Number of protein chains: 2
Amino acid sequence: MLADREPVTLRSLVEGTGASTMAVYTHFGGMPGVWRAVRQEGFTRLSARLATVPRTADPVHDVAALGVAYAANAIESPALYRAMFDAVAELEDPAGADSGLAVLVDAVARARDEGRLAAGTDAAGVATRLWLAGHGLLALVVQGVLPADVVPGHSVETAVALLTAAGDEPAACRTSVTRAWEPSTGRPRV
Amino acid sequence: MLADREPVTLRSLVEGTGASTMAVYTHFGGMPGVWRAVRQEGFTRLSARLATVPRTADPVHDVAALGVAYAANAIESPALYRAMFDAVAELEDPAGADSGLAVLVDAVARARDEGRLAAGTDAAGVATRLWLAGHGLLALVVQGVLPADVVPGHSVETAVALLTAAGDEPAACRTSVTRAWEPSTGRPRV
DNA sequence: TAGCATTGCATAGCAATGCCATGTAACGTC
DNA sequence: GACGTTACATGGCATTGCTATGCAATGCTA
């Protein structure tokens, strides 16, 4: 229903299943519970997808590759992405949502520890800012304000700016980030 | 009602006004029309606020000052900010929304033309990325995911990174941006 | 195995919501 | 002063989320 942009109502959910509306209350406690479960599922899928991003010898490339996976996930399921952040503060299991950010923090920390970023780099801060910028971009894309084809361009420029500011060498940074975003690598299209 | 987090229903709107629900249909065409008008009003207020940001001798400071005004506007009326971007693609007058971004583009272009940014800088691109990052941050703040007190820190770091990447000298850039965000200048608190 | 408590859910109905058909009163125009 | 138009009050309709009630299947105990 989300993918088809159909309105998700209590009765439309049970229609065709042979079940009655009470089944929804038994399992989810009501419509807010259904949306909670949808959001949780969204973050679970996101975490699973980020976990499939391979670790290469280039830590800065890997940071950008996480961004690619994050963007692809959002663009392939825009309605789910919207639902996820529609009331993200009400998640019952915030740890599931945080784990995605934790993966990014680890990748940034590795780039720092391997010498690509400055020694004193605040990995959590840099990772958060990468995520914030990506979220701002994708939030507008999934609502139709911006077309999806501007995602790689803005993502590359913002990632290069933030990672260069964190100490990476500009030319090498751009090479690493661009390589993750170029469309010929067989990863899911955005 | 938005500020008080009360549910905005057709009947609660007309309650106490002595009018009936039909008045809403005459003037707005229905509840979606009411929300359209709310969004338009939100962007009108935002544009008005951005227009009050003074132009100083430091164009990079002025770019950051627009970000401060934008953030203050969102944080002072979080429910309005949420409503604005809840269905921003359905605005009947997108020009009103674009005018805010145009002000930022002009400020970035001025910074470029006055020599602070590289001559070939894509002012619209840089301005858009500044806006995207700010929107990502504020969207999460107004939903309660992040506390408002992290706004200045992330805003300064991201703005410095993006403007430095556009050619500004790092130390001068940080000075200009920080000056716009420091709380002792008498601007509205965030 | 018989009795009983628990669980899951179908039925039916309630309150609230957005919306609209109808009627009516005020207004402007000739 | 008659008439068409506009704005809106009244009342009611369909849909929504929700829940009180009852029933049947399941599992536990003696």
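Chain identifiers are assigned alphabetically (A, B, ...) following the order of the sequence lines, protein sequences preceding nucleic acid strands; residue numbering begins at 1 within each chain. Everything numeric in this text was worked out from a predicted model, so none of it was measured. Excluded from the calculations below are hydrogen atoms, water molecules and symmetry mates; all remaining heavy atoms, backbone and side chain alike, are included.
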Less than 3.5 Å apart, any donor N or O on the side chain of A/Ser176 or A/Arg116 sitting next to an acceptor on the other?
yes
Using the side-chain contact (heavy atoms from CB on, under 4.5 Å) criterion, which residues pair with A/Met22? Sequence neighbours excluded.
A/Ser20, A/Tyr25
Parallel, tilted or perpendicular, as decided by the 30° and 60° cut-offs, for the rings of B/Tyr70 and B/Tyr81
perpendicular
How far does the helix from C/dT1-D/dA30 to C/dC30-D/dG1 bend, going by the axes of its first and last five pairs, to the nearest 10°?
0°
Can you spot which of A/Val108, A/Val105, A/Leu101, A/Asp122 makes a side-chain contact (heavy atoms from CB on, under 4.5 Å) with A/Thr128?
A/Leu101
Students often mix this up, so state it plainly: with edges at 30° and 60°, are the rings of A/Phe43 and A/Phe85 parallel, tilted or perpendicular?
perpendicular
Any B/Tyr25 side-chain nitrogen or oxygen under 4.0 Å from OP1 or OP2 of C/dC19
yes
Rounded at 0.5 Å granularity, tell me how far CZ in A/Phe28 sits from CG in A/Leu13.
8.0 Å
Roughly, in whole Å, what's the span from NE2 in A/His27 to P in D/dC18?
16 Å
If we only count heavy atoms from C-beta on, is the B/Ser12 to B/Met1 side-chain gap below 4.5 Å?
yes
pair B/Ser77-B/Leu2: side-chain heavy atoms closer than 4.5 Å:
no
Counting primed atoms plus P, OP1 and OP2 as sugar-phosphate and everything else as base, spell out the protein contacts along nucleotides 10-17 of chain C at 4.0 Å heavy-atom distance: B, S or - for each nucleotide, 5' to 3'.
BB-B---B
Rounded off to whole Å, could you give me the CG-to-P distance for the A/Leu13 and C/dC9 pair?
15 Å
